[in-house]
Amino acid sequence: MLKIQKLHKSYPIGDSKLHVLKGIDLSVDRGEMVAIMGSSGSGKSTLLNIIGMLDEADQGDYILDEVPIKNLTEKKAAVYRNKFLGFIFQSFNLINYKNALENVSLPLYYQGLKRKKRIEKAKFHLEKVGLLDWASHLPSELSGGQKQRVAIARALASEPKLLLADEPTGALDSTTSHDIMAFLQHLNDEGKTILIVTHEEDIAAMCKRIVRLKDGIIMEDNFVNQVRATAHV
Ligand code: ADP
Ligand code: MG
């Protein structure tokens, strides 16, 4: 699914630079559910953003679904991003003045789908996350867990090959976090490849593999016995 080799990334700070990723090697196969762990500032989001083609590495190779990701035009990058990747964020990133259905269907507009097809697909995915009855509600009318499920429906609507989640439970209480993880496990059981950035051990334990980053280097990379999350909804 993806292969990263000798990846480096620095951010400029004034006249010097901050070396954030210092030679990352990582391969992920189809069907995996991987946690990227590490303390705050260890480079987790930087790595996920590069994997998600939201940012570019300075050095190294990245191959996503057999496509080398390097020096792509903005347009080409956007096409691959749409085709391959779905994103979930800690802060949900829903559009406040659009209802749940519109939030899920909006990315499909950029895929060129006709209105009827967009609504049909958005409804299907809202139903999948158990929120079809909430289709006409604004994000402000939803709980944190419901917002994250809308965000998951939005990510899934474009049928991505790889789902990327940056601290998806970071803004949720532990019961709701387990619900979200149970749903992500269910998606993984169905075959979806998922990468989850987290700094919480119990969340990482619900994945099948844990990659530990420290100061921009992978210190550990192990397959684990996945703890099954208990859903409450
Ligand atoms: P994590 O997600 O593990 O907390 P990040 O990847 O967000 O870590 O950040 C790693 C380091 O890079 C941090 O020290 C952070 O302050 C710095 N950093 C992240 N993004 C930028 C940026 N756009 N410009 C400058 N420094 C950045
Ligand atoms: Mg982060």
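In listed order, ligands and their atoms are each counted from 1. Everything numeric here is computed off the predicted structure, so don't read it as measured data.
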Next item on the list: Can you run down the salt bridge (charged side-chain N to carboxylate O under 4.0 Å, His left out) pairs that involve residues 44-56, sequence neighbours left out, and say none if there aren't any?
Entry: Lys9-Asp55
Next item on the list: Inspect the surroundings of OH in Tyr109 and state if more than 12 heavy atoms from other residues, nucleotides or ligands are less than 6.0 Å away.
Entry: no
Margin query: Hydrogens and angles aside, do Ser136 and Asn99 bring a side-chain donor and acceptor to less than 3.5 Å of each other?
Written below: no
Checklist line | Ion pair check, Lys208 and Glu32, cut-off under 4.0 Å | finding: no
Checklist line | Under-2.8 Å protein N/O/S neighbours of the Mg ion (ligand 2), ordered by chain then residue number | finding: Ser45 OG
Margin query: For the CD atom on Glu190, are there more than 12 heavy atoms of other groups (residues, nucleotides or ligands in this structure) within a distance under 6.0 Å?
Written below: yes
Checklist line | Residue shell around ligand 1, heavy atom under 4.0 angstrom | finding: Tyr11, Leu18, Val20, Ser39, Ser40, Gly41, Ser42, Gly43, Lys44, Ser45, Thr46
Next item on the list: Share the residues that join Met37 in a hydrophobic cluster, the rule being Ile, Leu, Val, Met, Phe, Trp or Tyr side chains under 4.5 Å apart at the heavy-atom level.
Entry: Ile210, Val224
Notebook entry, point to check: Within a radius of less than 6.0 Å around CD of Glu127, do more than 12 heavy atoms belonging to other residues, nucleotides or ligands occur?
Noted result: no
Notebook entry, point to check: Any side-chain heavy atom of Lys192 within less than 4.5 Å of one from Pro160?
Noted result: yes
Check: Between His8 and His19, does any side-chain donor sit less than 3.5 Å from a side-chain acceptor?
Finding: yes
